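Structure first, then comments.
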2 protein chains.
Amino acid sequence: MTQTSSQDATAESLTLAETSAPSRRELNKAATRSSIASAALDLLRSNGPGNFTVEDIAATAGVSRRTFFNYFPSLEAALASVADGFMDHALEQFRLRPAEESILESAQAALMALADPMSVAPMAELFSLTQDNRQLARSELEAWEHCTAQIIDAARSRLGEGISELYLHALAGSVISCGKAAMTVWFIERGPDLSAESLAVLRQHLIDAMGLLGAGFAPPSNAFSTATTASPSVPTTKDRF
Amino acid sequence: MTQTSSQDATAESLTLAETSAPSRRELNKAATRSSIASAALDLLRSNGPGNFTVEDIAATAGVSRRTFFNYFPSLEAALASVADGFMDHALEQFRLRPAEESILESAQAALMALADPMSVAPMAELFSLTQDNRQLARSELEAWEHCTAQIIDAARSRLGEGISELYLHALAGSVISCGKAAMTVWFIERGPDLSAESLAVLRQHLIDAMGLLGAGFAPPSNAFSTATTASPSVPTTKDRF
DNA sequence: TGCAAGTTTGCACTGTGCGCAATTTTGAGC
DNA sequence: GCTCAAAATTGCGCACAGTGCAAACTTGCA
C-alpha cells in the first residue's frame, strides 16, 4: 500500500526515469524486496497465519531482521505487497481504457482483465490465508482503500476537475466494494479453486456486480437469477458518457 | 467492534439496552470498559495520535495495564469502540425501518438519523484525529467493514434467504462506501465543524450519495430524473446546489 | 583504484500482547 | 452479620514488534 516502491510516479521524477533506470542498486533492492515478500508468502503457506515471526521471514529471505524492517514497516505489509501488486495491475488496466468509456465499464474491463490464473492466484491465496486473522485482514482492507484512492484520482482526471468530490468518492468506493464483493462471494462459493471454470464464475460475478451498480441495485427480484447469460455489459441506463 | 457488548458509553441509553442482565457485575464491567475507552479518547485529544501508550490509558482510567488488555486487545480497539458505538447506533436505526422500504431508503434514513451533534461528534472527532495514523485508520476501516457485514445480515433477513449473495454483498458494500464517502467529503470540506449548518451539509451529502447509488451513478452533470421506473428509491436530489 | 554514497547489520531500548498464578472484590446463601 | 466460590484485577515474565544509531560493508563513479 504505502511502500510499493515501483509505482510512485508522483511528483518529481519523470516517467521515463521509471522505465529505463534499472541501475544495479535499484535492481538489487527490488530483488531483496521481492525475496522478502515471497519468503513471507511461503511462511504463510507452510505455517499458517500468525504462526511465524518477522525473524523467520528474514531468515528465510537471507537477510537480517533489521533489513526486513528497512523494506517493510510490518509483517503484514510484506504480505500486503502481494495484494498491492494485484491492485496496481488492475489500476494499470483501468488507466489504459479509452477516456470516453464510462467509469463503470472501465472498471469492469480492468477487473476482468485480471481474472486469469497468473494474476489472481496470489491474490486468491492471500484471500484464503488471511480470512481468519485480524491483522492480516486489516492490511487487506488497507490495500483496497489504497486502490479506491487511486481510482478517485484516475476518475477525476478523466471526468475533469469540475466533477463533485462526493461523486468521485462515492463512485470509486462503490466500484471497489463491488469488486470486493465479487471476489468475496466467489471465494465463498469456490474456495481457492483456480480452474478455468472457477475463474469464469469470478469473471461473471465481476460483470454482474458492476451491472447491479450501474442499475442502482434497482430490482431485488432480478437478483435472484443466477442467470449467467443475462449480463452482457453494464446496463443501459448510463451509456451516454 | 468485536466486543461491543454494551456499546454506549454515555449515560442515557442504559435503560432500554440493559433490560436482560443488569447485574451489578455487568454494570461494573460496562463502567470500567467505558472509562477505559473515554480515557483513550482523552489522551488522543490531548496528546495526538501515536503519542501515548496503553500504560498511559490504563493509568488515566485508573486500572492496571493488564486490565486494559482484559477489555481491549489493543490500543486501537479501545478507540475503535467509539466508532463502533456510532455504527451500532446506525444499524439499530436501519433495523427499525419498515420492511417494505427499499434498502437504500432505509440506509439513507438510518444514516441521516445520526446527523445530529450528539451522535456524530465522537465519530467526527475520531475521524479527524486518526487521519494521519496507520494503525488507527486501519481500525476505522475495520469498523466500516464490520458494519457492512451487519447490513448484509439485515438485508438478507429483509429480502429473504433466496436473494443472491452477490447482490447482498455488493449492495451493502456500496451503501457503506457511499456513507463513508459522504463523511469523508464532508470532513474535507468542513473539518471538525459540528455546527447545525455543517451538519446540514453532511445530511445533504448522505442524501446525495445514496441518490447517486440509486441512480447507478448516471452522468453527474445530468439532471436525470427517472433512470428507470424500477428505481423509485431515494429521491435524486443531487441537483440541489 | 579510491572515495563518496548507499546498504546491511548488530545492538539497545521502548512498547505490545498474552499466559499464568496470586490477590482482591463481589454477590448470594446462611 | 459471616463464609465462600465465582469473577475480576493485578503483577510478573516472556516472546516479539518496531526504531534509532553507529559501525561495517557494498556499489558506482571519477
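Just so it is clear: chains get the letters A, B, ... in the order the sequence lines come, proteins before strands, and each one is counted from 1. Quick caveat: nothing in here was measured; it's all calculated off a predicted structure.
Listed by first and then second residue, the salt bridge (charged side-chain N to carboxylate O under 4.0 Å, His left out) pairs involving residues 165-176 of chain A are A:R156-A:E165 (not counting sequence neighbours). The stretch residues 35-58 of chain B participates, sequence neighbours left out, in these salt bridge (charged side-chain N to carboxylate O under 4.0 Å, His left out) pairs: B:D42-B:R45, B:R45-B:E125. Annotation: salt bridge (charged side-chain N to carboxylate O under 4.0 Å, His left out) contacts involving residues 181-191 of chain B, sequence neighbours excluded, comprise B:R190-B:D193, B:R190-B:E197. Within the structure, the salt bridge (charged side-chain N to carboxylate O under 4.0 Å, His left out) test picks out the following pairs touching residues 177-187 of chain B (sequence neighbours left out): A:E145-B:K180.
B:F69 places its CZ atom 18 Å from the P atom of D:dC14, with the value rounded to the nearest Å. What separates CZ of B:F72 from C1' of D:dA8 is a distance of 16 Å, to the nearest Å. Remark: P of C:dG17 and CG of A:L75 are 14 Å apart, rounded to the nearest angstrom. Between the CG atom of B:N70 and the P atom of C:dG19 there is a distance of 11 Å, given to the nearest Å. The distance between atom CD of A:E76 and atom P of D:dC16, rounded to the nearest whole Å, is 15 Å.
The stretch residues 51-65 of chain A touches DNA chain D through A:T53, A:V54, A:R65, each having a heavy atom under 4.0 angstrom from the strand.
Below the 3.5 angstrom threshold, one finds a donor paired with an acceptor across the side chain of A:R66 and the base of D:dG20.
With sequence neighbours left out, the salt bridge (charged side-chain N to carboxylate O under 4.0 Å, His left out) criterion links B:R95 to no other residue. Residues satisfying the side-chain contact (heavy atoms from CB on, under 4.5 Å) test with B:T32, not counting sequence neighbours, are B:I36, B:V63, B:Y71. With sequence neighbours left out, B:F127 forms a ring pair (Phe, Tyr, Trp, His ring centres under 6.0 Å) with B:F187.
Contact annotation: A:Y71 side-chain N/O to C:dT8 OP1/OP2 distance is under 4.0 Å.
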Identify each atom pair where a protein N or O and an N or O of nucleotides 22-27 of chain D are less than 3.5 Å apart, giving names and distance.
unit_1: D:dT27; atom_1: O2; unit_2: A:R25; atom_2: NH2; d: 2.8

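The shortest side-chain heavy-atom distance between B:E76 and B:E142 does not fall under the 4.5 Å cut-off.
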